[in-house]
Each structure stands twice: as C-alpha cells, then as structure tokens.
Amino acid sequence: MKKQWKRRLDQRLGAVLALLVGLVLWRCAPVRQVAPLPEGSTEVRASLGGPLIHFAGAVMPIPFMSLGLDHGIRERLTVGGTIYPTAWLFGAFQVDAHALYGLRAPGDRWWQPGVSAGAALNYTIDRWEWQQGLWPEVDLNVWWPAGAHAVVYAGLSNWFELKGRRAHDQPQPYHWIWNPHLGLRWGGGKWKYQLEARALAPFAPNDEVVVDYVKPWGRRGAAGVYFAVFRRIK
Amino acid sequence: MKRKYLWMLWAGLVVSAGCLRLDSNLYNASGIEAYQLDDYQGEVIFRLPDQYDIPADKIHLFTLQSGGYTIWAVYVGDTNRIAADTVILYCHGNRDHLDHYWERIKLLANAGGKLRYGVLSFDYRGFGLSEGTPTEEGMNEDADAAVQWLKQRGLTADRLVIYGYSLGSAPATELTAHPRTLKPAKLLLESPFASAAVMVQDAALLAMPPTFFTNLKLNNADKIREVDVPFCWIHGREDKFLSDSTHGRVIYERYQGPYKEAHVIPGAVHNNVPQVWGYDAYMAAVAAFIQR
C-alpha cells in the first residue's frame with residue numbers, strides 16, 4: 001500500500017510541490033482562540049495539523065505547525081500573533097497578527113451561543129528573492145459552554161486574495177477562500193486543549209491537486225484536523 | 001539560561017531556514033541496469049500494436065557527453081541519413097527513463113509513415129543510465145548535447161523539429177527560444193506547463209510568489225514569446241495535473257510567431273493524449289505540422 005501511495009505521487013509532476021504549497025498558507029492556518037481571553041491574561045499556543053491524507057493504508061493529518069501568543073487587552077478584545085516554523089523551513093517567513101472581538105456572551109439556552117469575530121493579516125516574505133504576500137482573513141465563530149471546562153464551537157474562516165491578476169497577467173480565479181470548522185476546547189487551570197475539524201475550500205475542485213487527500217465531499221475541497229495546546233502564562 | 005535557549009532556538013531556525021525546497025521534486029527519475037525498450041515490463045501508459053514495431057537495425061542506443069556527464073540516448077532511424085532526413089528531437093517527461101517513453105518514441109517514428117522521420121531521444125542526467133543529478137540547466141545542456149550529436153552527423157537547422165512533452169517542454173522551449181547549436185525549424189509541445197509560478201498558484205489557489213517554495217525558473221509562458229518558428233500545442237482537455245487552460249493555453253496565447261495550431265483533445269488527461277486521440281490521428285497531425 002505504501003508503495004502504491006508513493007507511486008501515485010511519483011506519477012505526477014511536482015507532487016510534493018503541490019502538497020506543501022497548498023498547505024503552508026491557508027490550509028495550515030492555526031487553531032485560534034474562539035472566545036476572548038479575560039482582560040490582562042496571556043496565553044501561548046502551539047497548533048499542529050493539516051489536511052487529512054491517505055498514507056500507508058491509514059488516514060492521517062499532515063502535521064504542520066504554528067506557534068502563537070494571545071493577550072486579552074480588553075474584556076471583549078484579544079490580540080495576538082503567530083509564526084509558522086514549517087514555512088520557515090522553506091525559507092519563507094510567515095507570520096500573522098490577529099484580533100478577536102467577542103460580539104456576545106453565551107446565554108442560558110442553546111440557541112444563545114457566544115459569538116465572536118476575528119480579523120487577521122497574514123504576511124509572508126521569502127529569503128530567496130524577498131517576494132512578499134499579504135492576505136487578510138476574517139473569522140466568525142459561535143460557541144457554547146459544555147460543562148465547566150469545555151467549549152464546543154463552529155465557525156467560518158475566510159481568506160481573501162486581493163490581487164486581481166496572477167502569473168503571466170492571467171485573471172486570479174479565487175478571491176474568497178472559505179473554510180468551515182467545528183471544534184472542541186477543553187481543560188482547566190493553565191493548560192487547555194483544542195481539537196478542530198475543517199472543511200478546506202469545499203468550493204474548489206480537488207482533482208487538480210495531486211495529493212491523495214481524504215475527500216469527504218467528492219470532487220471539491222478536503223478535510224483537515226488540527227490540534228492545539230494553550231498555556232496561560234499570565 | 002532562558003536567554004541561552006532562546007538564542008539556540010533562534011540560531012536553529014536561522015540555520016534551518018530554507019533547508020527544504022521543492023525543486024528536486026520536479027524530477028521523478030529512476031535508475032535502471034539496462035535499457036530494455038520493447039522488452040520493458042515496467043509501467044507504461046500505453047503499448048502499441050505490433051504494426052508500430054521498429055526494426056532492430058534502426059534502433060541505436062549510444063552515449064553522449066554533456067556537462068562532464070555521460071548521458072544515454074536512442075536514435076530511431078538510419079544514422080547515415082541524418083544529413084538528409086528531418087529529425088524529431090523528443091524531450092521526454094519527468095517519469096523514470098527512456099524505457100517509459102519508448103512507445104511514444106516509436107509512435108513519432110511512425111508519423112508520416114514508418115521511419116519517415118528520424119527520432120532522437122535521451123535521458124536527462126540522473127534519469128535511466130545517464131550520470132549526474134537532474135537540474136533545470138542540466139536538462140537544457142543535455143538537450144543541446146543531443147542537437148550537437150545531430151549536427152555532427154550533418155543535420156541542419158531547417159530539418160530539426162523539437163518535441164517537448166510535459167517536463168520536456170522546458171528544454172524544448174528554451175532551445176527554440178535561445179538556440180545554442182541549431183535553431184529548430186519547428187516546435188511541438190504536448191501537455192506543457194506554463195511556469196513554476198502557475199504550478200504553485202494552481203495548487204495554492206492564491207496568487208502567491210513561487211519563490212515561497214521553489215527556486216525553479218521554469219517559465220515556458222515567457223520564453224514562448226521569443227519563439228519565432230511555427231508552433232504546435234497538444235493538450236488533453238481533462239488534464240487534471242497541468243490544466244490545459246492555466247498552462248497550455250497560456251503558452252499558446254502568448255506565442256507571437258508566424259504560425260500556431262492547437263489540438264486540445266476531449267477525454268484525454270495528462271499522459272494519454274495519443275491513445276485517446278487515436279494513434280493515426282495523432283501521427284497524422286504531427287506529420288502534417290512538420291510537413292506544412
């Protein structure tokens with residue numbers, strides 16, 4: 001099976017190229033806070049995960065990593081930043097700066113979830129030709145307390161491509177890349193954990209991507225699984 | 001102590017920065033112990049009926065010197081007639097080695113009639129029995145070494161046709177846009193890629209610079225603008241790897257030379273255009289383009 005998988009990759013030009021290019025930016029966007037931190041508190045986080053692929057007869061997420069820091073500067077407002085060691089290994093320095101605003105706290109009923117909105121700027125520069133890219137992102141989340149130490153949430157992560165043209169002055173086909181997600185956050189004290197499932201670009205054809213993704217939605221999109229650890233440091 | 005570890009972490013990141021690049025993944029070469037051609041039992045996309053067989057005395061395996069490496073080549077035809085024949089230089093794709101492309105080479109040797117044209121193909125350095133490691137410039141040098149071999153046997157520019165398939169579209173376009181030994185009279189590209197940038201952007205959906213992941217300079221879409229000989233583009237409509245619309249058509253539309261023709265084949269994918277198109281129709285189109 002492993003040999004077969006390798007052959008499938010080998011059969012196509014630049015297989016790994018497509019694999020990693022497609023992941024290092026929006027597909028490996030980190031797990032972030034879904035509810036604002038208490039004012040004055042600070043958390044660090046490490047997020048690991050990526051699209052699910054078939055590998056050696058099993059299904060596994062590609063483990064792309066990000067490291068971040070978040071700080072509650074107001075009761076409803078949390079700001080933070082993220083670095084991406086995986087991109088750095090390619091000589092591309094990728095960072096983001098983001099803010100999360102709590103629009104409402106959850107009510108007593110299930111139809112009264114907490115609601116938050118986030119905005120981020122994703123910036124990348126490479127060390128080879130100093131080429132740069134900037135992509136804004138907007139996230140929307142709804143979340144529900146699940147017991148004393150857990151939160152269930154759902155949301156939509158949206159990346160935006162601002163450029164109208166791409167290579168060779170061709171029209172840029174996608175300007176809005178949306179990825180729905182569903183997750184669970186649990187833990188108490190200093191440590192918290194977050195597990196998130198995502199539908200990655202479920203609008204985009206996936207049969208032109210050479211990687212053997214798990215494709216629960218047929219010929220469009222891919223599925224991803226992400227895990228994050230948060231530690232309160234202040 | 002904390003500061004020491006932070007510095008160590010920072011130093012590690014600096015040292016490791018850029019240690020991964022995707023350039024080498026462009027080449028999917030594999031070594032062999034000997035060329036087997038018709039006896040090759042490895043994976044091929046299609047096998048031709050017997051009627052396309054080439055007589056053994058018209059198959060010549062030999063070596064060339066290119067950039068200090070010994071590379072292997074095969075000439076199909078009469079080597080004593082190179083000074084008079086039209087020759088197709090076939091630059092193959094990124095898979096394996098010559099054996100994998102042997103059926104395609106035979107097909108071209110049957111275009112316009114059996115052995116109507118001589119066909120020369122070769123393994124880039126690092127492919128098959130060829131020495132070395134594949135590189136972008138190495139492919140150009142290897143292709144030009146093949147042209148030199150033909151020139152030494154009397155081939156003139158007006159009888160040289162270059163055919164580039166997939167990865168081979170890079171050296172084929174380069175040697176046509178920037179001739180080194182002979183300027184080809186015509187250029188055929190089958191399932192070509194536009195550039196490394198398009199490959200990156202197709203995969204990422206975003207208009208990101210290719211340099212985030214690769215240092216490859218492959219850029220047929222720009223080089224085709226410098227091609228001023230007749231050009232034929234062949235592509236599978238269902239090519240899900242190098243899309244006809246984002247790769248081949250971009251090249252085709254940017255060509256500014258004297259004549260161009262396109263054959264986009266419904267139902268064909270990246271590697272089976274001759275099969276889906278039909279061998280006869282494929283060979284007829286290639287021969288007609290060469291003869292026009």
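Residue numbering restarts at 1 for every chain, and letters A, B, ... go by the order of the sequence lines.
The shortest heavy-atom contact between Trp159(A) and Leu206(B) is CE3-CD1, 4.4 Å. Ala92(A) and Phe212(B) make their closest contact through CB-O, 3.8 Å (heavy atoms, listed as atom of the first residue, atom of the second, distance). Shortest non-hydrogen contact noted between Ala207(B) and Arg166(A) is CB-CB, 3.9 Å.
Here the side chains of Gln170(A) and Val250(B) are in contact, with some heavy-atom distance below 4.5 Å. Side-chain contact between Trp135(A) and Met208(B) is present, with at least one heavy-atom pair separated by less than 4.5 Å.
Considering CD of Glu161(A) and CD of Gln201(B), their distance stands at 8.5 Å, rounded to 0.5 Å.
Chain A is approached within less than 4.5 Å, heavy atom to heavy atom, by Asn219(B), Ala221(B), Asp222(B) from residues 218-227 of chain B, ordered by number.
The main-chain N or O of Pro209(B) is never found under 3.5 Å from a side-chain atom of Gln132(A) such that the two would form a donor-acceptor pair.
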**Request:** Tell me, with the steps shown, if Asn215(B) and Glu129(A) meet side chain to side chain contact (heavy atoms under 4.5 Å, CB included).
**Result:** CA-CA 9 Å; Asn215(B) 294 328; Glu129(A) 296 184 12; 5.7 Å; no
